[in-house]
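First up is the structure itself, then whatever we jot down about it.
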Amino acid sequence: MRATPTSQEVLAIDGGTPVRKTLLPYGRQSIAEDDIQAVVDVLRSDWLTTGPKGAQFEEALAAWVGAKYAVAFSSGTAALHGAAFAAGLKPGDEAITSPLTFAATANCVLYQGARPVFADVSPDTLNLDPDRFAERITTSTRAVLPVDYAGHPADLDPILALAGRHGLTVIEDACHALGAEYHGRRTGSIAHMSVFSFHPVKHLATGEGGMVTTDRADLAESLRRFRNHGVSSDARQRHASGQWHYEMVLLGFNYRLTDIACALGLSQLKKLEANLARRREIAARYTAVFWNLPGVLAPSVRPNVNPAWHLYPIRVNPEQLNTDRAHVFRALRAENIGVNVHYIPVHLHPYYRDKFGYKGAEYPAAEAAYEQLISLPMFHGMADQDVEDVIAAVSKVLAAYSL
């Protein structure tokens with residue numbers, strides 16, 4: 001819906017001067033010389049994959065989040081698949097998750113031949129609503145995959161309590177939430193398994209990459225075998241012991257993360273505290289402005305939670321504007337602010353509509369949020385002027401379309 005601006009300042013979409021001369025992306029990696037040197041050192045070593053850096057990275061990340069074990073994977077999606085396998089999902093089983101997530105969260109259930117079942121989100125955090133989760137549990141339910149949307153931890157205590165009563169495995173999709181805290185505990189140390197992503201727009205980047213953390217030795221062993229063709233030992237172990245024999249004990253995949261990526265991850269891990277602090281500074285600055293700005297809803301943060309702020313998703317309030325989210329989105333892009341939308345609810349994608357018969361309106365809270373969401377630029381490499389440009393552009397655009 002296109003409307004006529006009401007402010008005197010001409011928007012870039014209408015021929016005015018953009019707030020910025022160049023596009024500010026919604027996310028971007030930050031790579032320094034020490035990161036580059038760490039990768040170069042591996043390139044000059046004897047091991048490019050399945051070498052010492054992999055084990056070092058796993059041990060360091062496990063210690064950082066407070067888990068006993070961490071198992072690295074080639075991507076966050078591969079890590080989710082590994083967790084679904086380790087949870088024992090198989091044809092005939094069901095696993096419950098949020099519809100407001102990237103498709104990989106639900107797809108990993110399909111990879112195992114099981115059925116993903118959605119439960120609606122809480123309107124404030126847009127995380128899986130424990131009450132809606134409880135309503136969806138059946139005799140076929142084997143696991144639940146709560147998503148830490150935008151870096152705000154899901155309400156894990158009631159989810160874990162429900163899972164315990166029904167014998168379910170809790171796989172926390174913490175791909176947005178490395179470093180987030182829930183009631184004083186870091187994500188990665190709470191659920192039965194927690195999955196992280198190291199995509200370039202995340203808090204810690206390895207290019208592609210993922211990790212599963214757990215306190216259970218049996219799950220860790222299953223994850224290690226699954227990511228290595230189902231083989232009971234890896235090449236480095238056989239090299240160290242001077243033997244050649246190996247056995248394939250289950251049907252696995254090649255989901256290993258290279259030593260090149262792990263070296264980058266180790267280097268980036270040293271900066272994680274600073275990266276998190278910077279994202280929290282940016283979020284605090286945004287919230288201070290947007291909390292009372294007409295036409296927009298700032299993200300909610302529950303008590304006893306410290307989000308990691310992978311995303312900063314605002315919601316356009318249609319009751320206070322004479323236009324819709326789609327036009328606000330285009331207007332912000334014209335101001336050279338690289339906004340995005342996270343996410344189209346999974347059940348509304350054509351594949352899920354065709355396979356499961358979804359028509360829309362099944363999950364009203366998630367679908368209503370989707371119609372309003374806009375993700376603002378949020379990455380730890382943003383300069384103060386970048387942040388102020390975002391604020392200026394949002395304020396300019398909303399003022400133009402306010403009622």
Side-chain angles (χ1 to χ4, degrees), residues 29-83 85-86 175 178 188 193-200 202-272 275:
Q29 72 271 18
S30 296
I31 302 296
E33 287 301 318
D34 57 339
D35 299 318
I36 295 170
Q37 188 58 53
V39 171
V40 170
D41 289 345
V42 169
L43 292 173
R44 290 173 173 156
S45 75
D46 291 333
W47 294 93
L48 296 186
T49 191
T50 322
K53 292 299 179 184
Q56 291 171 25
F57 185 33
E58 290 174 336
E59 291 167 6
L61 192 105
W64 197 90
V65 303
K68 290 182 180 179
Y69 310 100
V71 182
F73 282 80
S74 55
S75 68
T77 299
L80 282 165
H81 188 188
F85 172 85
C175 290
L178 180 60
M193 288 181 279
S194 299
V195 179
F196 297 102
S197 166
F198 307 132
H199 184 276
K202 298 302 199 305
H203 309 75
L204 181 159
T206 63
E208 292 285 358
M211 193 85 78
V212 183
T213 60
T214 182
D215 282 344
R216 285 177 47 179
D218 60 328
L219 293 176
E221 183 61 22
S222 181
L223 289 161
R224 291 189 195 101
R225 291 177 174 180
F226 184 74
R227 60 109 186 254
N228 188 36
H229 303 281
V231 172
S232 58
S233 63
D234 63 39
R236 183 165 174 263
Q237 291 171 327
R238 294 192 294 275
H239 176 80
S241 62
Q243 57 93 17
W244 56 268
H245 184 74
Y246 67 89
E247 294 178 321
M248 177 184 157
V249 295
L250 55 87
L251 182 61
F253 291 78
N254 179 359
Y255 280 160
R256 298 185 300 263
L257 188 61
T258 68
D259 261 34
I260 300 167
C262 289
L264 180 56
L266 278 165
S267 181
Q268 291 256 303
L269 185 58
K270 298 173 185 176
K271 307 165 190 179
L272 182 53
N275 293 349

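Atom-to-atom distance recorded for L61:CG and L266:CG is 9.5 Å, nearest 0.5 angstrom. To the nearest 0.5 Å, atoms CG (L178) and OG (S197) are separated by 10.0 Å. If you take CE on M211 and CZ on F73, they are separated by 10.0 Å, rounding to the nearest 0.5 Å. Note: L257 CG to F57 CZ = 7.0 Å, rounded to the nearest 0.5 Å.
With 3.5 Å as the limit, one finds a donor-acceptor pair spanning the side chains of D35 and S267.
The two residues A62 and Y69 come nearest to each other via the heavy atoms CB-C, 4.0 Å. L48 and T258 make their closest contact through O-CB, 3.4 Å (heavy atoms, listed as atom of the first residue, atom of the second, distance). Scanning all heavy atoms of the two residues, the minimum distance from R256 to S74 falls at O-CB, 3.4 Å. K53 and C262 get closest at one heavy-atom pair: O-CB, 3.6 Å. N275 and H203 get closest at one heavy-atom pair: ND2-O, 3.1 Å. The two residues V195 and A79 make their nearest non-hydrogen contact at CG1-CB, 3.6 Å.
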Hey, mind stepping through D34 and K271 against salt bridge (Lys or Arg N to Asp or Glu O under 4.0 Å) and telling me if it holds?
-> CA-CA 11 Å; D34 57 339; K271 307 165 190 179; 2.8 Å; yes
Applying side-chain contact (heavy atoms from CB on, under 4.5 Å), run through F196 and K202 and close with a yes or a no.
-> CA-CA 9 Å; F196 297 102; K202 298 302 199 305; over 6 Å; no
Pair T206-L204, side-chain contact (heavy atoms from CB on, under 4.5 Å): steps then yes or no = CA-CA 7 Å; T206 63; L204 181 159; 4.0 Å; yes
Check the pair E58, K68 against salt bridge (Lys or Arg N to Asp or Glu O under 4.0 Å), reporting the backbone distance first and the verdict last.
-> CA-CA 10 Å; E58 290 174 336; K68 290 182 180 179; over 6 Å; no
When you look at T213 and M193, which way does the side-chain contact (heavy atoms from CB on, under 4.5 Å) test go after all the steps?
-> CA-CA 6 Å; T213 60; M193 288 181 279; over 6 Å; no
Between V231 and V249, does a side-chain contact (heavy atoms from CB on, under 4.5 Å) hold up when you go through it step by step?
-> CA-CA 6 Å; V231 172; V249 295; over 6 Å; no
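Centroid-to-centroid, the aromatic rings of F253 and H229 stay 6.0 Å apart or farther.
When the options E247, E221, R224 are evaluated for a side-chain contact (heavy atoms from CB on, under 4.5 Å) with S232, the one that passes is E247.
With sequence neighbours excluded, the residues satisfying side chain to side chain contact (heavy atoms under 4.5 Å, CB included) with S222 are F85, A86.
Residues L223 and R227 form no side-chain contact, since every pair of their non-hydrogen atoms from C-beta on lies 4.5 Å or further apart. Inter-residue side-chain proximity for V42 and I260 is flagged as met; some heavy-atom pair is nearer than 4.5 Å. Using a 4.5 Å heavy-atom threshold, the side chains of F198 and E208 count as separate. Here the side chains of P52 and D259 are in contact, with some heavy-atom distance below 4.5 Å.
Other residues, nucleotides and ligands place no more than 12 heavy atoms under 6.0 Å from the CG atom of L251. In N254, the CG atom is crowded: over 12 heavy atoms of neighbouring residues, nucleotides or ligands sit closer than 6.0 Å.
Between the side chain of Q268 and the backbone N or O of A205 there is at least one donor-acceptor pair closer than 3.5 Å.
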